[in-house]
Amino acid sequence: MLELVERHIKSYGGEPRVFKAPGRVNLIGEHTDYNDGYVLPTPIDRYLWVTISPREDDAIRLQAMDYNEWAEHRLSSISYDKEHLWANYVLGVAHSLMGRGYILNGFDMSIHGDVPLGAGLSSSAALETAVVRALNETFSLGIDPVEMAYIGKQCENEFLGVQSGIMDQFVSGLGVYGKALFVDCRTNTHSLHDLDPDCAFVILNTMVSRELSGSDYNVRKSQCDEAVRIISEDHPEVKALRDVDKTMLKGTWGKLPEMISRRARHVVTENKRVLDSLKFLKEGDMKAFGGLMYASHESLRHDYEVTCKELDIMVDATLDISECYGSRMTGAGFGGCTVSLVKKTHVDGFVEKVSGRYLKLTGKKCEAYLT
């Protein structure tokens, strides 16, 4: 981070403070967080860093080292920056903080990261978390980690217009590298779980970028809300798909439009898979855990319809590899990465085989990252 600090000093003067937050990979529990459900992510060893120096006026001066771009705004007149989209993650966090009554001054900030962009590894939540940490410490705001996560979520939902859940910001702020973080997205109850030391989670990037702000993501959220509306006519206690079990879904299946019923089925079965995965982790049954990963991908492919040709090809390329116990898309979908559970002794061979098959079938070279 020496280069970022030097860049900051050269641009603004003064010695800045440095903050960082990690990206994440979700092991299982996809599109459940905004349905008050369960998730099981883990941080990855890639980060977003920010350097910050406070100012005495209300100016916000920003530079993105990776883009070699600058942006300048005022706290008193924050608005969406259409020219510098990366700046909106900083502006949105500041806007959310002030909306909650926190007092800020202006600041100079520099940004750099090595979380792959558009890969579904949550570079956006990592940036939001790093920014809220920086502002919290710089201006002595006294915010606890759970509220920090919700400030990042508010930035996504209200300033950026992405109706995402709490998972990404939660694991970026409260996760521990090398452990899985279970989160109940309704109650904020969370717990850390050991991962099998003989296995690795291998992340393969399809190199197909996706935009969370695209309409498909928000459409899925509205379809889930419609399922809740219909099911709650017979079951008033249902406030989110988290409250629906298989029996209840089966009993109201005929009332749901066909597409809405499949969206609901994914969320209901995915929540069950997350809870089952905790049991298998505790028992050390990684083959059973991997089976849940494959089942999750099939549900995301057919019921939730958020995979793409490249994601499906990459998962299918693992099916006959005995040293791979499971594989699935990770993140919102529509592109991005897969995550595969592989015996540590066979990681190199696994990456070589799957990347070769993927290149042959798609003409694209994938990138590999390890948790």
Side-chain angles (χ1 to χ4, degrees), residues 21-47 115 120-122 125-126 129 144-146 148-150 152-153 164-204 242 267-297 299-300 323-331 337-347 369-371:
R24 66 95 188 97
V25 63
N26 191 24
L27 306 180
I28 197 161
E30 217 66 77
H31 289 277
T32 51
D33 57 345
Y34 55 79
N35 288 292
D36 282 1
Y38 311 111
V39 293
L40 192 71
T42 187
I44 61 175
D45 191 21
R46 286 172 176 259
Y47 299 88
V115 181
L121 299 178
S122 205
T129 303
D144 67 69
V146 171
M148 285 188 194
Y150 276 91
K153 179 178 182 293
S164 57
I166 193 61
M167 174 182 67
D168 295 347
Q169 294 82 4
F170 214 100
V171 66
S172 186
L174 288 94
V176 174
Y177 183 72
K179 294 181 180 289
L181 178 69
F182 169 75
V183 183
D184 180 331
C185 296
R186 169 173 286 171
T187 67
N188 294 331
T189 300
H190 55 283
S191 54
L192 292 168
H193 298 264
D194 291 330
L195 299 172
D196 191 320
D198 295 326
C199 293
F201 287 97
V202 180
I203 305 164
L204 293 177
R242 140 73 169 270
V267 176
V268 171
T269 57
E270 187 79 348
N271 276 324
K272 178 68 164 51
R273 283 188 282 270
V274 175
L275 296 178
D276 287 344
S277 72
L278 294 180
K279 179 182 69 172
F280 295 139
L281 272 184
K282 185 176 181 180
E283 296 171 351
D285 190 345
M286 301 311 286
K287 288 187 177 180
F289 188 105
L292 294 175
M293 294 175 70
Y294 279 129
S296 173
H297 187 81
S299 182
L300 290 160
E323 296 82 13
C324 176
Y325 300 139
S327 185
R328 59 184 289 276
M329 60 151 270
T330 186
C337 295
T338 65
V339 58
S340 302
L341 177 59
V342 184
K343 290 180 68 174
K344 266 188 180 171
T345 53
H346 289 76
V347 166
Y369 326 112
L370 299 179
T371 56

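Starting from 1, each residue takes its place in the sequence as its number. This structure is a prediction, so every number in the text was calculated from the model and none was measured.
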Heavy-atom pair with the smallest gap, counting every atom of [X] and [Y]:
| X | Y | value |
| --- | --- | --- |
| Y177 | P43 | CD1-O, 3.6 Å |
| V176 | T42 | O-OG1, 4.3 Å |
| V39 | C185 | CG2-SG, 3.9 Å |
| R328 | L300 | NH2-CD1, 3.8 Å |
| P22 | S172 | O-OG, 2.9 Å |
| M286 | C199 | CG-SG, 4.0 Å |

Using atom types as modelled and distance alone, determine if a side-chain donor or acceptor of [X] lies under 3.5 Å from a backbone N or O of [Y].
| X | Y | value |
| --- | --- | --- |
| H297 | A295 | no |
| T129 | A125 | yes |
| D144 | V146 | yes |
| D33 | M167 | yes |
| Q169 | M148 | no |

Could you state the interatomic distance from [atom1] ([X]) to [atom2] ([Y]), rounded to the nearest 0.5 Å?
| X | Y | atom1 | atom2 | result |
| --- | --- | --- | --- | --- |
| L292 | K287 | CG | NZ | 15.0 Å |
| Y325 | Y294 | OH | OH | 11.5 Å |
| I44 | T330 | CD1 | OG1 | 9.5 Å |
| S296 | H31 | OG | NE2 | 9.5 Å |
| M329 | M293 | CE | CE | 11.5 Å |

Close side-chain approach of L281 to L195, heavy-atom, < 4.5 Å: yes

Verdict with reasoning, R273 to T269, per side-chain hydrogen bond (donor to acceptor under 3.5 Å, both in side chains): CA-CA 6 Å; R273 283 188 282 270; T269 57; 3.1 Å; yes

Pair D36 + R186, salt bridge at N-O below 4.0 Å: yes

Pair R242 + E270: basic N to acidic O under 4.0 Å: no

Pair I203-L121, side-chain contact (heavy atoms from CB on, under 4.5 Å): steps then yes or no: CA-CA 9 Å; I203 305 164; L121 299 178; 4.0 Å; yes

Trace of the side-chain hydrogen bond (donor to acceptor under 3.5 Å, both in side chains) decision for D168 with S122: CA-CA 6 Å; D168 295 347; S122 205; 3.3 Å; yes

Could you list the donor-acceptor pairs under 3.5 angstrom formed by side chains in residues 337-347, with sequence neighbours left out?
unit_1 : atom_1 : unit_2 : atom_2 : d
S340   : OG     : S327   : OG     : 2.7
K344   : NZ     : P197   : O      : 3.1

Parallel, tilted or perpendicular, as decided by the 30° and 60° cut-offs, for the rings of Y38 and F182: parallel

For K272, salt bridge (Lys or Arg N to Asp or Glu O under 4.0 Å) partners two or more places apart: D276

